[in-house]
Amino acid sequence: GIFASVTLVQAALESAWGKSNVASTNKNLFGIKYTGRYAPGITVEEKGCKCPSSEQGGARYYNYYQSYADSVYDHGWFLKNNSRYTKHGVFNASNGIEQVKAIAAAGYAEDPNYASKLTNMINKYNLMQYDKVASGASISMADIVFSIKAKGSLSWPCPSTKSISSKFFRNHFCQIR
């Protein structure tokens, strides 16, 4: 799966710490565009914010989710079900840093500095601490969200400081439902 640190850092960067129009209007933390393909068990609509014109023939909509949890769940599904990510070794990575480099190499974003931006944020906010559960086993955000959807709530170690990063993580992941 996708390491929790990777999901957290991509959500933070792609959504401008939850402040982007796409994040606030569409509950889309990752900038995933609507193609009609999405994770089973969730509802995704084609409405809300439109993407800028693309090479595929004009503007398209970003995915519109019912909740942030659905956005997180679909992010993992999106990566798993697009073969370019498997081909670039995303699912062979042994940690979050390796995984963001593979995601960038697969073309997730056009920014040539995408991997270094994500790596710097993972290190700055110590996000790899979320990649292991108490047993030491790796856990993905998709696993966590699946558990949340089944139980209706989340028990997650959240930052307690008042920095923008802590507020973002608390608002978008600690209170995820």
Side-chain angles (χ1 to χ4, degrees), residues 1-88 90-91 93 96 99-100 102-111 114 117-118 121 127 130 139-156 158 167-177:
I2 302 301
F3 286 98
S5 62
V6 174
T7 302
L8 291 166
V9 75
Q10 279 197 286
L13 184 63
E14 293 291 334
S15 73
W17 295 102
K19 295 180 187 289
S20 74
N21 194 32
V22 174
S24 59
T25 303
N26 287 32
K27 293 190 174 95
N28 186 331
L29 295 171
F30 303 96
I32 296 174
K33 295 160 188 77
Y34 186 83
T35 63
R37 293 182 62 225
Y38 48 87
I42 65 171
T43 300
V44 176
E45 298 177 67
E46 183 179 17
K47 67 179 191 178
C49 296
K50 276 195 170 182
C51 312
S53 293
S54 66
E55 299 136 18
Q56 289 85 22
R60 297 184 329 199
Y61 285 95
Y62 287 98
N63 282 358
Y64 180 95
Y65 298 101
Q66 301 297 309
S67 68
Y68 289 117
D70 286 352
S71 178
V72 170
Y73 185 63
D74 194 45
H75 171 255
W77 187 91
F78 170 82
L79 294 171
K80 188 68 175 171
N81 288 280
N82 283 282
S83 61
R84 68 182 179 181
Y85 297 104
T86 300
K87 288 177 188 172
H88 280 84
V90 169
F91 301 100
Q99 200 163 55
V100 296
I103 288 169
Y108 189 94
E110 294 177 7
D111 183 349
Y114 192 68
K117 287 178 181 178
L118 295 175
M121 289 173 69
L127 297 180
Y130 299 112
I139 188 165
S140 71
M141 285 302 291
D143 294 333
I144 293 164
V145 171
F146 185 76
S147 176
I148 293 164
K149 290 174 92 53
K151 296 178 184 174
S153 64
L154 171 64
S155 175
W156 188 250
C158 294
K167 183 178 178 185
F168 170 77
F169 295 132
R170 279 196 315 276
N171 290 345
H172 293 86
F173 292 98
C174 301
Q175 304 300 320
I176 218 165
R177 292 187 204 336

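The analysis underlying the following values was restricted to heavy atoms, covering all of them including side chains, and did not include hydrogens, waters or symmetry mates. Just so you know, residue 1 is the first one in the sequence shown, and it goes up from there.
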Mark yes or no for whether [X], through its side chain, and [Y], through its backbone, hold a donor-acceptor pair below 3.5 Å.
X     : Y     : value
Asn81 : Trp77 : yes
Asn63 : Val44 : no
Thr25 : Asn21 : yes

>> Applying side-chain contact (heavy atoms from CB on, under 4.5 Å), can you list everything that pairs with Ala102, at least two apart in sequence or on another chain?
In response: Val90

Is any side-chain heavy atom of [Y] closer than 4.5 Å to one of [X]?
X     : Y      : result
Phe30 : Val72  : yes
Phe91 : Leu79  : yes
Glu14 : Tyr108 : yes
Leu29 : His75  : no

> Distance only, no hydrogens: is a donor on one side chain within 3.5 Å (strictly under) of an acceptor on the other, for Tyr85 and Gln99?
Replying inline: no

Smallest separation among heavy atoms of [X] and [Y], with atom names:
X      : Y      : result
Leu118 : Val9   : O-CG2, 3.6 Å
Tyr68  : Ala23  : OH-O, 3.4 Å
Ala104 : Tyr114 : CB-CD2, 4.0 Å
Ala93  : Phe3   : O-CE1, 3.6 Å

With rounding to the nearest 0.5 Å, note down the distance linking [atom1] in [X] to [atom2] in [Y].
X     : Y     : atom1 : atom2 : result
Tyr65 : Asn26 : OH    : CG    : 9.5 Å
Asp70 : Lys27 : CG    : NZ    : 9.5 Å
Asn82 : Ile32 : CG    : CD1   : 9.0 Å

